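Following: one structure in structure tokens, then a few remarks.
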There are 2 protein chains.
Amino acid sequence: MISSIAELISDRIGAMPAGERRAAQTLIANYPLIGLKTVAEFSAAAGVSSPTILRFVARLGFQNYPEFQSTLQDELAAQLQSPASRTLNPPSPNGGAVSPMLEATLDNMRETFRHLSDKQLADIAAKLADRRGKTFLIGGRFTDPLARYMAAHLAIIQPNVFHLAGQESVWRDRLIDMGKRDVLVIFDIRRYQDSLVRFAETAHQRGVQIVLFTDQWLSPIARFARHVIAGRTAVPSAWDSSAALFVVAETLIGAVTRQLEADGAKRIRELESLR
Amino acid sequence: MISSIAELISDRIGAMPAGERRAAQTLIANYPLIGLKTVAEFSAAAGVSSPTILRFVARLGFQNYPEFQSTLQDELAAQLQSPASRTLNPPSPNGGAVSPMLEATLDNMRETFRHLSDKQLADIAAKLADRRGKTFLIGGRFTDPLARYMAAHLAIIQPNVFHLAGQESVWRDRLIDMGKRDVLVIFDIRRYQDSLVRFAETAHQRGVQIVLFTDQWLSPIARFARHVIAGRTAVPSAWDSSAALFVVAETLIGAVTRQLEADGAKRIRELESLR
DNA sequence: CAAAATACGTAACATACGATACAGCGCTCC
DNA sequence: GGAGCGCTGTATCGTATGTTACGTATTTTG
């Protein structure tokens with residue numbers, strides 16, 4: 001079974017004429033980047049002419065050069081999504097089914113945070129800590145618990161935090177309370193829910209600022225969102241993992257708490273005395 | 001010092017207009033591949049027009065789109081040359097407040113799983129997959145969302161899964177439905193809730209098998225529990241972290257799903273057709 | 001609330017890219 | 001040694017791509 005272009009090449013390189021073989025070798029030498037550049041650059045690097053490059057990719061079975069490039073990109077994408085596969089096997093300390101799941105989850109978190117700057121988180125935290133407006137939280141089928149989790153914390157350190165639960169008609173009616181100063185935190189990963197998208201759109205039209213927690217393929221809500229947090233969700237399981245988003249949520253909770261420290265501490269003391 | 005385009009983006013994303021921010025988000029979401037495609041494809045993926053993409057790369061300081069692409073390719077080349085650098089300690093690309101939180105969380109997970117044997121997880125999974133009895137889930141103030149999350153998944157692959165919500169009196173009355181063959185999954189971390197402890201005790205007396213998710217100091221419920229999962233919760237924040245428990249929950253969900261594969265798949269198909 | 005500034009998209013444009021036709025060269029096999 | 005075949009490069013063509021100008025919508029500011 002041939003899965004990568006690199007294999008395909010080494011399989012057929014024997015049956016190639018000299019010029020095309022040089023093209024093949026140059027591509028293998030610094031795979032796959034040369035293949036993503038233009039035909040002219042590729043040909044220059046290989047020391048052959050453009051048509052030779054084109055004949056080369058044609059011999060590999062591609063209809064045209066763009067098709068060849070797309071395949072290379074897809075290959076690269078698959079590689080980049082699962083860094084674990086590249087790490088020359090972390091020799092699993094306990095060999096069972098646990099390890100791959102844990103490793104994938106840890107990778108997901110690292111990857112998620114790699115693309116998440118302090119500044120971005122700080123901006124969102126500032127927005128959530130801004131007490132001039134209300135904060136609403138809602139999630140999809142599997143992610144609503146994350147919304148609840150976040151709401152449970154935020155509601156303690158500041159007033160006007162609401163988790164939208166129950167039937168669609170119930171929370172849709174609450175749109176009437178939402179305005180420019182309010183923030184709506186939405187959790188939505190595949191398969192994206194129409195009801196949430198519609199809800200987000202309406203809220204957006206009312207000027208509500210949306211903070212979206214989604215997966216790397218971005219829920220359609222992203223187009224209405226002020227802030228988008230894209231978490232990695234792929235794990236060796238039948239389900240997607242929300243763990244990375246969960247950790248981002250916890251990080252945000254911590255950041256908001258820090259910002260509200262003064263007021264928050266006072267509030268917490270008050271709450272304590274209420275018990 | 002800004003070394004990668006990704007950092008450059010997260011540095012300036014705050015100062016961008018809406019459209020360009022969408023472009024930035026889509027690029028970050030599946031970095032860097034979108035940026036290697038054509039302007040048209042990029043714009044389509046981001047849901048904006050081509051000029052917006054060009055203005056976006058211009059704002060990042062590039063003279064034209066090809067220059068932007070070249071930089072991305074160079075970056076990719078450097079990454080591909082040294083795969084290890086990605087996984088072995090990403091030398092914290094953002095040195096701010098994010099990193100300690102993330103690092104602590106990752107440590108918590110590793111520690112949690114270090115004391116968790118495959119066998120233990122397999123036993124619990126087997127118990128949860130045993131369809132002769134019912135499964136109840138409940139959690140404390142901050143952990144109830146974890147119970148919900150788990151219930152949302154388990155309820156799909158098997159019948160008789162119930163999340164206990166609402167007022168204490170409501171779920172206490174449901175004790176009457178619980179017996180020897182049933183399983184009660186409880187999430188309880190500091191500060192442990194009396195109501196939950198009492199509930200667990202009664203359930204235990206009725207012969208219910210208890211699976212407890214708690215922190216490393218062990219909730220008093222541990223006395224009654226058949227299985228105890230102790231997760232690390234310490235993070236540099238005002239709150240404890242439930243992330244490690246969350247990952248254990250996801251792992252269990254995966255394990256149960258695998259055990260029920262045959263029946264579960266049939267169930268899922270049925271559910272699909274119900275929509 | 002009005003006016004100015006900024007941002008965004010549509011559409012036309014120019015360029016650079018991939019594709020193709022053709023000619024020259026070398027190699028192989030009578 | 002000559003004829004035929006195959007491989008390669010040059011030059012040209014059509015097109016897809018990046019670019020720019022302009023009008024409209026939206027937001028911001030006084």
Side-chain angles (χ1 to χ4, degrees), chain A residues 12-27 32-73 127 132 179-182 201-210 222-227, chain B residues 5 9 12-27 32-73:
Chain A
R12 303 196 187 172
I13 197 172
M16 285 183 191
E20 299 180 30
R21 193 173 316 151
R22 285 179 69 180
Q25 282 158 351
T26 340
L27 177 58
L33 274 167
I34 293 277
L36 298 178
K37 297 186 184 286
T38 66
V39 173
E41 285 176 290
F42 191 170
S43 66
V48 297
S49 69
S50 316
T52 300
I53 299 297
L54 295 173
R55 281 188 284 264
F56 163 66
V57 304
R59 191 182 298 266
L60 291 178
F62 296 98
Q63 295 299 320
N64 49 29
Y65 195 70
E67 183 187 324
F68 164 73
Q69 286 190 318
S70 294
T71 311
L72 275 182
Q73 285 187 354
K127 182 63 64 184
R132 285 174 304 186
K180 284 190 211 308
R181 299 187 154 169
D182 302 329
E201 182 166 12
T202 315
H204 172 66
Q205 283 162 2
R206 295 184 60 89
V208 179
Q209 302 220 7
I210 296 180
R223 49 174 55 252
F224 313 120
R226 183 68 194 271
H227 298 282
Chain B
I5 294 187
I9 291 173
R12 303 197 187 171
I13 195 171
M16 285 183 190
E20 299 179 29
R21 192 159 47 220
R22 295 225 302 261
Q25 283 157 352
T26 29
L27 176 57
L33 273 166
I34 293 275
L36 298 179
K37 299 187 183 287
T38 67
V39 174
E41 284 176 290
F42 190 170
S43 66
V48 298
S49 68
S50 317
T52 300
I53 299 297
L54 295 172
R55 282 187 285 261
F56 163 65
V57 304
R59 190 181 300 266
L60 291 178
F62 297 97
Q63 295 299 321
N64 48 31
Y65 195 71
E67 183 187 325
F68 163 73
Q69 287 190 317
S70 295
T71 312
L72 273 183
Q73 285 185 353

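Here is how names work: the chains are called A, B, and so on, in the same order as the sequence lines, proteins then strands, and each is numbered from 1. Just so you know, these numbers come straight off a predicted model, no measurement behind them.
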Nearest whole angstrom, please: distance from the [atom2] of [N] to the [atom1] of [X].
X	N	atom1	atom2	answer
Ile53(B)	dG9(C)	CD1	P	9 Å
Met16(B)	dT27(D)	CE	C1'	19 Å
Gln205(A)	dT26(D)	CD	P	11 Å
Phe56(B)	dT6(C)	CZ	C1'	19 Å
Arg55(B)	dC22(D)	CZ	P	15 Å

Just say parallel, tilted or perpendicular for the rings of Phe68(B) and Phe42(B), cut-offs at 30° and 60°.
-> parallel
Quick one: list whatever passes side-chain hydrogen bond (donor to acceptor under 3.5 Å, both in side chains) with Glu201(A), sequence neighbours left out.
-> none
Among Thr202(A), Val208(A), Ile210(A), side chain to side chain contact (heavy atoms under 4.5 Å, CB included) partner for Phe224(A) = Ile210(A)
Taking side chain as C-beta onward, heavy atoms only, is Met16(B) less than 4.5 Å from Leu60(B)?
-> yes
Please examine the side chains of Phe56(B) and Val48(B), heavy atoms only from C-beta on, and report whether any two atoms are closer than 4.5 Å.
-> no
Quick one: what's the B/S/- string for nucleotides 13-20 of chain D, heavy-atom cutoff under 4.0 Å, read 5' to 3'?
-> ----SSBB
Kindly point out which of dG9(C), dA7(C), dG9(D) is positioned nearest to the side chain of Arg59(B)?
-> dA7(C)
More than 12 non-hydrogen atoms from neighbouring residues, nucleotides or ligands closer than 6.0 Å to CD on Gln205(A), yes or no?
-> yes
